[in-house]
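Whatever order the structure lists them in is the order used to number ligands and atoms, beginning at 1.
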Amino acid sequence: MQEDLIEKTALAVFRSNRVVAFTGAGISVESGIPDFRSAGGLWERFDPAEYATIEAFRANPKKVWAMLKEMGTLLENSRPNPAHLALARLEKMGHLRAVITQNIDNLHQEAGNTRVIEYHGSHKKLACLSCGREYAREEVALTALPPLCRCSGVLKPTVVFFGEPIPWGAHLEAMEEARTCQVMLVIGTSAVVSPACDIPVAAKRAGALIVEINLEETPLTRQVSDWILKGSAGRILQSVLDGVAGRSRL
Ligand code: NAD
């Protein structure tokens with residue numbers, strides 16, 4: 001049954017030139033970056049409700065920066081896994097138009113995808129909360145926390161904390177991709193963080209085929225997705241890629 005669904009997915013991807021991937025933290029778990037549920041991960045020690053809100057950051061930037069510094073080291077040392085590499089390969093073969101990601105880890109770009117919409121921003125840059133000036137992460141020494149701008153304002157990574165708006169450009173681009181794609185691969189997201197979880201819904205309303213790839217069902221599974229491929233993103237995407245590549249050779 002799952003094999004048939006993988007074949008159906010490969011055929012749909014092969015036939016369309018308007019395929020988009022929408023990814024969440026689950027795609028990076030095999031790179032060693034924990035999602036919000038991973039046992040023994042960062043988020044067991046740093047409750048997202050306590051550390052990942054803009055109110056928490058403004059109230060105590062030094063405390064939140066202790067978590068950000070540790071997360072930054074983890075992200076800097078992580079490499080793309082077979083799931084990221086399969087999406088990059090699909091783009092090279094002309095079968096993937098864009099990746100919309102909720103992740104901030106830069107792994108899609110490292111894998112080789114060239115059109116990546118970072119819906120929740122990126123950890124690679126820091127911005128001043130007072131004057132808005134931006135810095136590359138490498139430019140800023142994290143010896144004293146929180147790091148400060150030349151204007152003495154507090155610097156914050158350009159990631160979207162809970163309670164902050166989505167970058168307008170990323171939102172518009174993501175919605176445009178959702179409304180115009182024919183196939184959306186929804187990979188490794190619990191689909192509960194709003195408004196990101198509206199993206200597959202917008203694609204479905206516009207007539208796209210929605211294929212979920214996840215270890216478990218989500219709120220999308222029985223309402224929005226056409227089917228779910230259950231399993232690790234690396235293994236499933238490699239099988240889908242093999243199916244697409246096999247057809248390309250015919
Ligand atoms: P989430 O943690 O809420 O859910 C992760 C989902 O991925 C779950 O449904 C889980 O079943 C699935 N999953 C876990 N391992 C998988 C695997 N190997 N293969 C396939 N599926 C797998 O993540 P979310 O929905 O992205 O929402 C959390 C928010 O926190 C997002 O904004 C997210 O980007 C951010 N976040 C980002 C990172 C990162 O940049 N790598 C890490 C943690 C959280």
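Applying the side chain to side chain donor-acceptor pair (under 3.5 Å) rule to Glu70 yields the partners Arg45; only residues at least two apart in sequence or on another chain are considered.
Using a distance-only test at 3.5 Å, with no hydrogens or angles considered, a donor-acceptor pair links the side chain of Glu30 to the main chain of Gly234. Judged by distance alone, the side chain of Thr221 and the main-chain N or O of Thr218 form a donor-acceptor pair under 3.5 Å.
Residues with a heavy atom under 4.0 Å from ligand 1: Gly24, Ala25, Gly26, Ser28, Val29, Glu30, Ile33, Pro34, Asp35, Phe36, Trp43, Gln102, Asn103, Ile104, Asp105, His120, Gly188, Thr189, Ser190, Ala191, Val193, Asn214, Leu215, Glu216, Gly231, Ser232, Ala233.
Ion pairing between a basic and an acidic side chain is recognised when a charged N comes within 4.0 Å of a carboxylate O; Glu212 and Lys230 show no such pairing.
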Which donor-acceptor pairs under 3.5 Å do side chains of residues 189-198 form with protein atoms, sequence neighbours excluded?
from: Thr189; atom 1: OG1; to: Gln102; atom 2: NE2; distance (Å): 3.0
from: Thr189; atom 1: OG1; to: Ala191; atom 2: N; distance (Å): 3.1

Less than 3.5 Å apart, which donor and acceptor atoms pair up between the side chains of residues 138-150 and the rest of the protein, not counting sequence neighbours?
from: Glu139; atom 1: OE2; to: Ala136; atom 2: N; distance (Å): 2.7

